[in-house]
Protein chains: 2
Amino acid sequence: MAKKAEQRRKQILKAAFQAATEKGYESVTLQDIADYADVSKGVTNYYFKNKSDVFTQLFEWITTRIYEKEAASISEQETAIGKLEAYIDRVFISPEENKNFYRVYLDFLSQVKNNVSYKEINQKFYENCWSIGREIIHQGLEEEIFEVDDVEQTAISIRCMIDGSLIQWLMRDDDQLHDYYRTACYESILKILKYKK
Amino acid sequence: MAKKAEQRRKQILKAAFQAATEKGYESVTLQDIADYADVSKGVTNYYFKNKSDVFTQLFEWITTRIYEKEAASISEQETAIGKLEAYIDRVFISPEENKNFYRVYLDFLSQVKNNVSYKEINQKFYENCWSIGREIIHQGLEEEIFEVDDVEQTAISIRCMIDGSLIQWLMRDDDQLHDYYRTACYESILKILKYKK
DNA sequence: CAATTTATTTTGACCAGTCAGTATAAAAGA
DNA sequence: TCTTTTATACTGACTGGTCAAAATAAATTG
């Protein structure tokens with residue numbers, strides 16, 4: 001029974017995600033979600049406390065998923081450079097694949113200031129991101145190819161660079177620029193790490 | 001008379017801005033705007049075609065204002081380092097002063113994908129930002145303290161770093177971190193510029 | 001096994017409230 | 001007086017959330 005409920009919950013979250021990608025966070029209605037999930041309107045209220053509850057859980061799901069994919073990508077690599085490359089490639093995954101994820105994530109970001117839960121979820125996401133940065137830095141220090149004096153600050157800066165590049169890429173929304181921003185981001189991070197090849 | 005009209009327009013835009021900072025972009029109503037401007041609802045509809053028109057003009061006003069303040073800050077400085085410092089200081093201006101500007105800007109960013117006008121306005125803003133970056137880079141190259149091979153790409157990366165740092169700072173929303181992010185951003189950009197002191 | 005009861009899930013009509021936009025009235029200014 | 005500007009009233013569309021009733025599934029009993 002709990003299995004069925006969990007399945008329904010996921011189904012509704014996916015519908016909410018799809019609705020959000022196509023209509024934008026704020027303008028999504030409970031009816032939209034129900035339509036995308038192919039159920040009637042009441043179901044959403046049966047499985048979720050209210051609309052806000054749906055979106056809170058969706059935000060958590062999205063940030064967790066982004067992190068897990070990133071973490072999985074770097075763990076497949078042995079070297080610092082390999083990890084960093086895998087990381088950036090995952091962030092700038094081919095147009096359309098993860099683009100929607102980051103678009104909806106940006107939607108949520110703009111809501112963080114109005115919602116304490118969102119802020120906490122995002123804080124957790126940041127901490128996950130920083131841990132990825134630390135892992136890459138430590139590996140690079142071990143290999144003696146990076147020169148970093150403040151590991152924590154550098155890990156934070158890496159994510160700043162990634163988010164900044166990602167957003168600028170998303171905003172310009174030109175598939176031609178995909179490679180450009182991925183490369184620019186990657187090379188900037190190498191400089192921040194004072195990479196000596 | 002045209003002067004009076006222009007004044008009213010600005011008054012309404014300011015009211016819309018204030019409403020947006022306090023209630024968030026999407027949930028602002030025409031009534032809110034009228035209330036903040038201390039006029040009746042009819043006035044807004046008299047001076048603007050519709051709600052979307054108000055926000056489009058507000059977005060243009062905000063991005064222009066952010067750019068102008070940044071440009072003014074760096075033009076007061078002679079040296080590359082002076083310009084860069086002034087630039088970053090302007091971006092990370094004391095909590096509350098320009099914070100609201102960037103918050104509302106972020107609100108607009110999340111709407112760019114649904115609105116062609118927003119996209120164009122933001123594209124123009126980016127170009128202005130990049131021109132600031134170029135100016136600093138050129139100055140630093142003249143002084144022979146930076147080492148940059150692709151000026152354009154580096155100018156873009158500088159703004160990525162700024163936006164990324166800014167957003168992370170805004171999201172964490174802890175006044176204690178103000179200095180931290182300003183410094184981290186500044187130092188990262190120096191590394192991207194391969195600054196040799 | 002079949003009949004019946006109970007529990008769970010789903011439906012869609014409905015309500016009270018909000019909104020953008022319009023229409024109209026009032027006021028101010030030329 | 002006539003035009004411009006501001007205030008108020010109204011409308012029609014849409015929203016989130018509620019709820020009683022229907023449908024379905026599970027459990028119980030004879």
Side-chain angles (χ1 to χ4, degrees), chain A residues 1-60 104 107-108 110-111 114-118, chain B residues 1-60 104 107-108 110-111 114-118:
Chain A
M1 283 319 89
K3 187 150 258 167
K4 174 84 179 295
E6 185 55 27
Q7 201 177 330
R8 263 273 185 272
R9 225 180 52 88
K10 268 280 161 60
Q11 178 190 8
I12 291 166
L13 284 184
K14 276 183 184 172
F17 171 69
Q18 203 181 339
T21 59
E22 293 185 19
K23 308 203 165 196
Y25 174 82
E26 274 278 8
S27 59
V28 171
T29 69
L30 289 174
Q31 190 61 61
D32 289 332
I33 298 174
D35 290 347
Y36 277 105
D38 247 323
V39 293
S40 80
K41 208 186 139 198
V43 175
T44 306
N45 281 81
Y46 183 77
Y47 288 97
F48 295 86
K49 223 170 59 226
N50 49 35
K51 190 183 168 182
S52 155
D53 187 31
V54 177
F55 280 107
T56 302
Q57 295 195 35
L58 177 60
F59 189 31
E60 196 149 22
V104 177
D107 258 349
F108 278 113
S110 73
Q111 302 296 322
N114 310 312
N115 189 316
V116 181
S117 304
Y118 287 8
Chain B
M1 284 319 87
K3 189 150 257 167
K4 173 85 178 295
E6 185 55 26
Q7 202 177 329
R8 263 272 187 274
R9 225 179 53 88
K10 270 279 164 63
Q11 179 190 7
I12 291 167
L13 284 184
K14 276 183 185 172
F17 171 68
Q18 204 181 338
T21 60
E22 294 185 19
K23 310 203 163 196
Y25 174 83
E26 273 279 9
S27 59
V28 171
T29 68
L30 287 176
Q31 190 62 60
D32 290 331
I33 297 173
D35 289 348
Y36 277 106
D38 246 325
V39 294
S40 78
K41 212 184 135 192
V43 177
T44 307
N45 278 324
Y46 182 75
Y47 287 99
F48 294 88
K49 223 169 61 224
N50 51 37
K51 191 183 171 182
S52 156
D53 187 29
V54 177
F55 280 107
T56 303
Q57 295 195 34
L58 177 61
F59 189 31
E60 196 149 21
V104 177
D107 260 348
F108 278 112
S110 74
Q111 301 297 323
N114 310 312
N115 187 317
V116 181
S117 303
Y118 288 8

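What you see below is based on every heavy atom in this structure, not just the backbone, and it leaves out hydrogens, waters and symmetry mates. Chain identifiers are assigned alphabetically (A, B, ...) following the order of the sequence lines, protein sequences preceding nucleic acid strands; residue numbering begins at 1 within each chain.
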So how far is it from [X] [atom1] to [Y] [atom2], rounded to the nearest 0.5 Å?
| X | Y | atom1 | atom2 | result |
| --- | --- | --- | --- | --- |
| N114(B) | Y25(A) | CG | OH | 14.5 Å |
| S110(B) | Q111(A) | OG | CD | 7.0 Å |
| I33(B) | F48(B) | CD1 | CZ | 8.5 Å |

Considering only side-chain heavy atoms of [X], which listed nucleotide, [options], is closest?
| X | options | result |
| --- | --- | --- |
| S40(A) | dG16(D), dT10(C), dG21(C) | dT10(C) |
| T29(A) | dT11(C), dT15(D), dG17(D) | dT15(D) |
| K51(B) | dG21(C), dT10(C), dA7(D) | dG21(C) |

- dA20(C) base to K41(B) side chain: any donor-acceptor pair below 3.5 Å?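 Between dA20(C) and K41(B), which were checked side chain against base, a qualifying N/O pair under 3.5 Å is present.
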
- Query: Which comes earlier along DNA chain D counting from the 5' end, the contact point of G42(A) or that of V28(A), where each point is its nearest nucleotide?
  - Reply: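 Final value for this comparison: V28(A).
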
Length of the [atom1]-[atom2] vector between [X] and [N], whole Å:
| X | N | atom1 | atom2 | value |
| --- | --- | --- | --- | --- |
| R8(A) | dA25(D) | CZ | P | 12 Å |
| N45(A) | dC15(C) | CG | P | 18 Å |
| D32(A) | dC14(D) | CG | C1' | 11 Å |
| E26(B) | dT18(C) | CD | P | 18 Å |
| Y47(B) | dA7(D) | OH | P | 10 Å |
| F55(A) | dG17(D) | CZ | P | 11 Å |
| F48(A) | dG17(D) | CZ | P | 13 Å |
| I33(B) | dT18(C) | CD1 | P | 18 Å |

- Query: Are any non-hydrogen side-chain atoms of E26(A) and D107(A) less than 4.5 angstrom apart?
  - Reply: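 Side chain of E26(A) against side chain of D107(A), heavy atoms only: no contact under 4.5 Å found.
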
- Message: Can a donor-acceptor pair be found, under 3.5 Å and without considering hydrogens, that links the side chain of K51(B) to the backbone of V28(B)?
- Response: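 Yes, because the side chain of K51(B) sits within donor-acceptor range (under 3.5 Å) of the backbone of V28(B).
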
- Any side-chain N or O of Y46(A) less than 4.0 Å from the OP1 or OP2 oxygen of dT9(C)?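 Affirmative; the distance criterion is met.
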
- Is V43(B) touching bases, backbone alone, or none of the nucleic acid, heavy atoms closer than 4.0 Å?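 Result for V43(B) = sugar-phosphate.
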
